[in-house]
Number of protein chains: 4
Amino acid sequence: MGEDKKDNLIQAALMLFEEQGYHTTKISDIVREAGVAQGTFYLYFKSKEDMFRSIAEACLEEIVVALQQGGVSKDTDEQKDYLMIRRALEVYHENKTILKIINRHGVGSQEIAGVSEAFYQQIMMVIKQALRDEAMYANYSEDQLEIIAFSKIGMVEMVAYQWFVVKNCGSETINALAQIIVGDLGPCKFKAME
Amino acid sequence: MGEDKKDNLIQAALMLFEEQGYHTTKISDIVREAGVAQGTFYLYFKSKEDMFRSIAEACLEEIVVALQQGGVSKDTDEQKDYLMIRRALEVYHENKTILKIINRHGVGSQEIAGVSEAFYQQIMMVIKQALRDEAMYANYSEDQLEIIAFSKIGMVEMVAYQWFVVKNCGSETINALAQIIVGDLGPCKFKAME
Amino acid sequence: MGEDKKDNLIQAALMLFEEQGYHTTKISDIVREAGVAQGTFYLYFKSKEDMFRSIAEACLEEIVVALQQGGVSKDTDEQKDYLMIRRALEVYHENKTILKIINRHGVGSQEIAGVSEAFYQQIMMVIKQALRDEAMYANYSEDQLEIIAFSKIGMVEMVAYQWFVVKNCGSETINALAQIIVGDLGPCKFKAME
Amino acid sequence: MGEDKKDNLIQAALMLFEEQGYHTTKISDIVREAGVAQGTFYLYFKSKEDMFRSIAEACLEEIVVALQQGGVSKDTDEQKDYLMIRRALEVYHENKTILKIINRHGVGSQEIAGVSEAFYQQIMMVIKQALRDEAMYANYSEDQLEIIAFSKIGMVEMVAYQWFVVKNCGSETINALAQIIVGDLGPCKFKAME
DNA sequence: TATGAATGAGAGTTCATTCAT
DNA sequence: AATGAATGAACTCTCATTCAT
């Protein structure tokens, strides 16, 4: 039952952070939304920042794990690339709440910046690992693979942000987005959006 | 002379926003840094948010203009692509302060989010325009070009953020980064960076 | 068994009050130290203040009783005086915890101030009674004896506080302190203390 | 004009601390009494504790200075003693506000305890110095003089507290109190009080 | 134009106390 | 008798903004 309230608080906070941003959201908003008393917040979190850090950590970790599980082996590099991009878009789509909070509203605290930095480091490592299996990048150095990895992350993140958050598109766009990003226009499945 | 003080305020604010973020920086910090009195701030700006909006607008507009001027026509698509990417990296490098402020610290105000959104819309248009000149994208639809444009923006922005802000590399890395991103490993000019 | 917990609470509270003062000590500190649950506190005490009042009353009453039992009759006034002072120092030494709590940390509640006031009234009466037996004070009025009594109390309390609490000296200093206070330097047993 | 408000705050605080104690007095009480805004408090003091520390320091320093100026040279030790005691009672009477605050209400903060400890150390030194001039204490060691000094301080403080604070007597009692404390009953000027 | 003391609404946080189990 | 999660009133403190000079 105790965990009930903690969960209420987290759900309420995520909703409010997404809607109005971290700084605009007051503890009093969160507890009202969660239906608990003001003091209850402090049973579960040391402070507002502590709450956000723990939520962000959990969400970002989820993304890292989800990306890691996307390991597939297909024939061509292009197929691998496509699947990687699609998988990443799926994961971002499922986690667009935290994506929106962090990208649109930011947070601005040393500690949380650290969480974010660590997150990017982790997914970069995951992507770099995947790239090593592609023939195309066979003779790339570690540093060069890192550049490629980050550029792919940026690509996916920006597209995900623009389509899932700004344009608020659904998961049915994922295939088309991935196809275009990878560069195969074949039989175009891409329909006008919004 | 009055403009002197306004400029002092802007420079002080940019420095502090970059260092500690928008929310952490107090008006009192800015005026102390700028060497003017507390009340003077309000002679030049309606509010703290108003100041940030105007600074952000100016900086982002500068980026848009700089990107637009990069229009050059070379023989191959790959050359065009490389030059576009390099140009974008240069521009981001020159403007890494605002890049850092917006990406690392975020903003958290509806109005400023609008500024940011409009900025991305503008540079997307610039990039899309440039892509139309590449043979490679001849039969892409507008929507498809938009995806490509955003994915390129994301690529450049993420790489610029990681190398110029996180790793704090200088402009001498630009060529190498651009080359790798575009995919030409030719005579590799890329050196290990730390 | 119930009384066990009550006693635990009292011991824990005394320790914490002495260490950090009444106001700084939280109920949660006391119950943690006592090894009981938060709610258990209220089975034994109406409130934090009620607890402190009852502890203080008990301790101070102990001091009063101890002082009363010191009644001895010796030949000279000086001997009586010395014994009275020594006895008082002993008592204060044994009760330095409450002495420290009340003198160093104060109290700050009307009700408890009353307890303290009543305590001084009581020991004043005890001392006054003792003084009546000394030839030296034969023709002193009641009011005058009261002044003498309070001045002796102040003397002993201040010395006890400085030596037992501030300098943290042990009971071996008592004789020397009493001798000096009374004014007999005879064969000086007093050693340098640090 | 700025100092006006600071002074208002100090006067209001002293009054309230005396009336209801340090812990019971809220910042909101102080500013209301002083007739300034809540935020104004923080222009002059870092916190409530900081305020009290600075007030206490000033008051206690005043007492030390006042006691130091009492240096007089009379014929007999008894005369010197009497004058010292009377002077001390006068000083305590003039400063009974801070005496009441510290003795009755206490404060309970490490930092302020330090101020108080330092105060006693200082007046002990003053008294010890004075005692050295008395023939009576010619062959007392430093340690022994310290005991005498503290016992005299305790005497005066307790009597001052009981008569000036508890019984609320005026300065006309000072002579009589001093006389009794010193031990001369001569032509008794002491009248029944209140 | 420039000042900076003053403001006060409103934020985050604390903690003695309660009560269903 | 014992628990400890939950409470919420009340606190201290912050800081963007104002305005008399």
Side-chain angles (χ1 to χ4, degrees), chain A residues 1-6 8-9 23-32 34-51, chain B residues 1-6 23-32 34-51, chain C residues 1-6 9 23-32 34-51, chain D residues 1-6 9 23-32 34-51:
Chain A
M1 172 170 280
E3 287 307 295
D4 247 17
K5 302 211 184 252
K6 181 172 184 179
N8 284 351
L9 284 166
H23 284 99
T24 314
T25 301
K26 315 298 169 206
I27 306 259
S28 56
D29 296 335
I30 299 176
V31 295
R32 191 183 321 111
V36 303
Q38 190 89 354
T40 305
F41 181 93
Y42 294 91
L43 283 180
Y44 299 106
F45 305 101
K46 283 211 300 288
S47 65
K48 194 172 104 169
E49 177 171 334
D50 173 66
M51 173 195 230
Chain B
M1 172 171 281
E3 287 307 296
D4 246 19
K5 293 194 192 276
K6 181 171 184 180
H23 285 98
T24 314
T25 302
K26 304 170 215 157
I27 303 271
S28 59
D29 295 334
I30 298 175
V31 294
R32 193 186 318 112
V36 303
Q38 191 92 351
T40 305
F41 182 93
Y42 292 89
L43 291 178
Y44 299 105
F45 305 101
K46 282 211 307 287
S47 67
K48 187 179 156 185
E49 179 173 331
D50 172 65
M51 172 195 230
Chain C
M1 170 170 280
E3 286 307 296
D4 246 19
K5 294 193 191 276
K6 180 172 185 177
L9 283 167
H23 285 98
T24 314
T25 302
K26 304 173 215 156
I27 304 269
S28 59
D29 296 334
I30 299 174
V31 296
R32 192 185 319 113
V36 303
Q38 190 91 350
T40 305
F41 182 93
Y42 292 89
L43 290 177
Y44 299 107
F45 304 101
K46 281 211 306 286
S47 67
K48 188 178 156 186
E49 179 173 331
D50 173 66
M51 173 195 230
Chain D
M1 171 169 281
E3 287 305 297
D4 247 19
K5 302 211 184 251
K6 180 172 185 179
L9 283 165
H23 284 98
T24 315
T25 301
K26 314 299 170 206
I27 306 256
S28 56
D29 297 334
I30 299 175
V31 295
R32 194 184 319 114
V36 303
Q38 190 88 356
T40 305
F41 181 93
Y42 294 92
L43 282 181
Y44 299 108
F45 305 101
K46 283 211 300 286
S47 64
K48 194 171 98 165
E49 178 171 335
D50 173 66
M51 173 194 232

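Computation of the quantities below employed the complete heavy-atom set of this structure, encompassing side-chain atoms and omitting hydrogens, waters and symmetry-equivalent molecules. Below, chains carry the letters A, B, ... as their sequence lines are ordered, and counting in each starts from 1.
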I'd like a table of atom pairs between the protein and nucleotides 11-14 of chain F - only N or O on both sides, under 3.5 Å - with the distance next to each one.
unit_1: F:dT12; atom_1: OP2; unit_2: D:Ile27; atom_2: N; d: 3.4
unit_1: F:dC13; atom_1: OP2; unit_2: D:Tyr42; atom_2: OH; d: 3.0
unit_1: F:dC13; atom_1: N4; unit_2: D:Gln38; atom_2: NE2; d: 3.3

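Checking E:dA5, E:dT3, F:dA6 against every side-chain atom of B:Lys5, the shortest atom distance belongs to E:dT3. Taking only side-chain atoms of C:Ala37, from C-beta outward, the nucleotide of E:dT3, F:dT3, E:dT7 with the closest atom is F:dT3. With distances taken from any side-chain atom of A:Tyr44 to the nucleotides F:dA6, E:dA5, E:dA2, the minimum falls on F:dA6.
The side chain to side chain contact (heavy atoms under 4.5 Å, CB included) test applied to A:Asn8 returns A:Ala34, not counting sequence neighbours. Legend: residues meeting side chain to side chain contact (heavy atoms under 4.5 Å, CB included) with D:Lys26, ordered by chain and number and at least two apart, are D:Ser28, D:Asp29. In this structure A:Phe45 satisfies the ring-ring contact (aromatic ring centres under 6.0 Å, His included) test together with A:Phe41, sequence neighbours excluded.
Atom-to-atom, CD1 of B:Ile30 to P of E:dG4 comes out at 17 Å; the value is rounded to the nearest Å. Distance B:Arg32 CZ to F:dC15 C1': 12 Å, rounded to the nearest Å. Residue D:His23 contributes atom NE2, which lies 14 Å from atom C1' of E:dT14 at whole-angstrom precision. To the nearest angstrom, P of E:dT18 lies 17 Å from CG of A:Leu43.
Judged by distance alone, with hydrogens and angles left aside, the side-chain atoms of D:Lys48 form a donor-acceptor pair with the main-chain N or O of D:Thr25 at under 3.5 Å.
Contact detail for C:Ile30 and C:Leu9: the closest heavy-atom pair is CG2-O, 3.7 Å.
Regarding contacts with the backbone of E:dA6, every side-chain N or O of D:Thr40 stays at 4.0 angstrom or more from both OP1 and OP2.
Using a 4.0 Å heavy-atom cutoff across all strands shown, A:Val36 reaches sugar-phosphate atoms only and no base atom.
Distance CZ/D:Arg32 to CD1/D:Ile27: 12.5 Å, rounded to 0.5 Å. Between C:Lys6 atom NZ and C:Leu43 atom CG the span is 11.0 Å, to the nearest 0.5 Å.
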Q) In dot-bracket, 5' to 3', how would DNA chain E read with Watson-Crick or G-U wobble pairs under 3.5 Å, [ ] for crossing ones and | for pairs to another strand? A) .||||||||||||||||||||
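Counting only residues at least two apart or in different chains, salt bridge (charged side-chain N to carboxylate O under 4.0 Å, His left out) contacts with residues 35-46 of chain C comprise C:Lys46-C:Asp50.
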